[in-house]
Novice: 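Okay, here's the structure, questions in a sec.
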Amino acid sequence: MNDLLFHAAPAAVRRLSRRLTELLDQLPSEERSKFLGLLVVDEHERPRMVLTGQYSSGKSTLIKALTDEAAEVVIDSAVATDQVQVFDWDGLVDLVDTPGVQAGLSDHDRLAEEALRAADLVLFAVTVDLFDDGSVEHLRHITEDLRKAPQLVVVITKSRTLHAAVGIREVAVRAALGTFADQVPWVECDAKTYLDGLHETDPLRATRRIEASGMADVADTINQIARERGELARFRVPLQQIALAAGEALASLTDDPDEEAILTVLARQRRALTNRRGLVDSALDREASEFRSACIRAVETLADTAESIEESENPDWSKLEAASDVLNAQLSVANQRFTDGVHAVVSSQLADFTSEVREIEASPYAHQLRELEVQGVIEAQEIPADTGLLRDTGRKQRRVPAWAPKAAEHLKGFQKSWGAGDGIKQAAGSSGHQIVYKVGKLAGWKFEPWQAVRWANNIGKFAKAGALVLPVALEAYAVVSDERQEVRVMKEKLRRRNALVGRVLAQCDDISRSALAQVRMELDAEFDAAVREIDSVNESVRANQALRGDLNRDIGAIQSEAIAMLDRLGESASDG
């Protein structure tokens, strides 16, 4: 499954880093050390993809298909997996096969539970026979108790073994998911058909089998969740480092001082954009995390109050109204702090970026480029520079290269978009100011009026959390006659609390996800356009270089591959 970005992205990082290191070893020692210093690729913790479901649900076959048979999995019609097995997929991804649950083996359920708690992504495998009571209970345990709904995909396996009318399986999945039906994606596949296609000798028949298997839909769904949760972001920085090191190495290979100057300025601009985009993302993620923590604290306080009332000798449920009002107030405060924090992050980060751009504009290389005589293109503007650092080209009359007009137009536009005025607030026409303005105008980041909990003080009491109704069965709590009943009571109370917390967090996560998606869309539109312009000028410069040796060509190919993988990681979830 080459399209599974959990595997393809880190594989590209490892492959391109090794290739570029080998090429850089051919450069003089001083330059080699400089570029290898840029090429510092941190090892990231491997993502853990956990497969769960009842026995014989096709988990092992699914793992073989996902890895193109790289994982040595035993496939048997009986209970094939009796322990948690971790398959090291090329040192990049941990695929975790868990024992089938509800097989009458308590150890299996315990092992599966432990693996699920540590999962980055969960594939819930269920056959075309669909759900029984046990599998529905296990699925809801994952979504409600373990709070893994945002990391979950329901995979209907063996889809070609039994025909189903249109809509039947969707109805079954939605019914099994309950309140999380709109949050958890599901997909159908037949992993055995895919594996048969790998062994098919006829290319046409092989292609048909692989396409009919539906495994491409599985990969697309996994990629979509990984993008939405930001799981793939960990690979953007190392790929950007590879592209940056390759670009600066290419800049050093030219003999033309002006080409070296423009490529160096472009590399610095690209590095500034890349680094600043990463800083903004990190700061936004911190704001979302703080928002989530505040929501958890607020709803846990409400749950504590409810349980305290319930356990008192004379429960006074009217006190819950005041507790609900407090929750509403706390959520509103947390919401406003999050909104203000997002705006402050964008404003301060882009103000810092403006200062960084102005430093690039004042560099010796930028000064050198302004001395090129390109009429009507380069705006005459004096920026202080240390002329002692400028290199003497030894030419009495400087030739204007073919790429100069396009490069000059870019430098002028970049200065106007990102470095104009005395700062973002004064630069009303700049891209940075426009982003800050749009972010400040974005609306809709608010909790809906939250009917936190309404508990009727009569026989058959119940708790409401939004549209979710949970039995409280207070009568059963009055007298705990045996240990088994006590355990049931405690489990019910814990599940009720988790459900209440989960409902508030679901709305909290929707707010932060929607808000950050809008903010990042505004940022990406401007930043990506700037990067594309830099790359376009970069290509124009290299296209006009007279001599391109094997080293130049190979390093350029590595940079192109790194940029192509970055483009794949940056695709929107809807395109995924």
Side-chain angles (χ1 to χ4, degrees), residues 147 149-150 179 182-183 228-230 233 276-306 319-353 423-426 428 432-454 464-468 497-527:
R147 302 177 187 174
T179 56
D182 293 326
Q183 298 181 39
E228 289 177 348
R229 288 185 55 79
R276 186 58 54 182
R277 190 67 181 84
L279 290 172
V280 173
D281 271 339
S282 297
L284 291 175
D285 287 340
R286 286 195 297 273
E287 293 294 331
S289 178
E290 291 174 5
F291 178 39
R292 201 172 198 272
S293 296
C295 292
I296 291 175
R297 289 194 297 271
V299 73
E300 289 281 6
T301 300
L302 175 66
D304 291 341
T305 301
K319 295 180 179 179
L320 201 58
E321 296 291 337
S324 300
D325 292 339
V326 170
L327 174 64
N328 290 331
Q330 290 174 332
L331 293 179
S332 296
V333 170
N335 200 132
Q336 189 60 50
R337 286 177 178 171
F338 171 67
T339 301
D340 293 343
V342 168
H343 187 268
V345 161
V346 174
S347 180
S348 64
Q349 287 289 341
L350 291 181
D352 290 344
F353 182 58
I424 289 294
K425 292 183 179 179
Q426 286 73 36
H433 177 79
Q434 290 300 316
I435 291 173
V436 172
Y437 177 78
K438 290 177 182 178
V439 168
K441 290 293 184 180
L442 292 176
W445 307 351
K446 294 182 179 179
F447 273 96
E448 298 172 1
W450 179 256
Q451 299 301 319
V453 177
R454 301 295 185 193
K464 278 189 177 181
L468 180 65
R497 174 183 283 261
N498 285 339
L500 176 59
V501 173
R503 293 294 293 181
V504 174
L505 285 186
Q507 193 174 3
C508 165
D509 289 343
D510 283 344
I511 290 171
S512 60
R513 186 165 44 247
S514 173
L516 297 191
Q518 293 179 67
V519 172
R520 283 169 172 147
M521 181 176 66
E522 296 294 341
L523 290 167
D524 288 342
E526 297 293 341
F527 275 60

Novice: Mind checking the OG-CG spacing from Ser347 to Asp352? Nearest 0.5 Å is all I need.
Specialist: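 Reported to 0.5 Å precision, the distance equals 9.5 Å.
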
Novice: Please name all residues satisfying salt bridge (Lys or Arg N to Asp or Glu O under 4.0 Å) with Arg276, sequence neighbours left out, ordered by chain then number.
Specialist: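 With sequence neighbours excluded, Arg276 shows a salt bridge (Lys or Arg N to Asp or Glu O under 4.0 Å) to Glu356, given in chain and number order.
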
Novice: For Ser348 and Ala344, indicate whether the former's side chain and the latter's backbone hold a donor-acceptor pair under 3.5 Å.
Specialist: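 The answer is yes, because a donor-acceptor pair under 3.5 Å joins these two groups.
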
Novice: Passes side-chain contact (heavy atoms from CB on, under 4.5 Å), Phe291 versus Ile511? Steps please.
Specialist: CA-CA 10 Å; Phe291 178 39; Ile511 290 171; 3.9 Å; yes

Novice: From Asp509 CG over to Ser514 OG, what is the distance, rounded to the nearest 0.5 angstrom?
Specialist: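 Interatomic distance, Asp509 CG to Ser514 OG, rounded to 0.5 Å: 12.0 Å.
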
Novice: Could you list the residues that satisfy side-chain hydrogen bond (donor to acceptor under 3.5 Å, both in side chains) with Gln183, not counting sequence neighbours?
Specialist: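 For Gln183 there are no side-chain hydrogen bond (donor to acceptor under 3.5 Å, both in side chains) partners, ignoring immediate neighbours.
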
Novice: Which atom pairs, one a donor and one an acceptor, fall under 3.5 Å between side chains of residues 294-303 and the rest of the protein, sequence neighbours left out?
Specialist:
unit_1	atom_1	unit_2	atom_2	d
Glu300	OE1	Arg497	NH1	2.3
Thr301	OG1	Arg297	O	2.9

Novice: Going by the rule side-chain hydrogen bond (donor to acceptor under 3.5 Å, both in side chains), which residues pair with Gln330 if we only count those two or more places apart in sequence or in a different chain?
Specialist: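 None.
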
Novice: Apply side-chain hydrogen bond (donor to acceptor under 3.5 Å, both in side chains) to Arg513 and list each qualifying residue two or more places apart in sequence or on a separate chain.
Specialist: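 Partners of Arg513 by the side-chain hydrogen bond (donor to acceptor under 3.5 Å, both in side chains) criterion, ordered by chain and then number, come out as Asp510.
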
Novice: For side-chain contact (heavy atoms from CB on, under 4.5 Å), just list the numbers for Arg277 and Asp524, CA-CA rounded to whole Å, side-chain angles, deciding distance to a tenth of an Å, and then say yes or no.
Specialist: CA-CA 9 Å; Arg277 190 67 181 84; Asp524 288 342; 2.7 Å; yes

Novice: Can you tell me how far apart CZ (Phe338) and CG (Leu331) are? Round to the nearest 0.5 Å.
Specialist: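 Going from the CZ atom of Phe338 to the CG atom of Leu331 covers 14.0 Å.
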
Novice: Kindly list each side-chain donor-acceptor pair under 3.5 angstrom involving residues 282-290, sequence neighbours excluded, with atom names and distances?
Specialist:
unit_1	atom_1	unit_2	atom_2	d
Ser282	OG	Gly278	O	3.1
Asp285	OD1	Arg520	NH2	2.7

Novice: List in chain and number order the residues that pass side-chain hydrogen bond (donor to acceptor under 3.5 Å, both in side chains) with Arg147, two or more places apart in sequence or in another chain; answer none if no residue qualifies.
Specialist: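 Checked Arg147 against side-chain hydrogen bond (donor to acceptor under 3.5 Å, both in side chains); matches are Asn498.
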
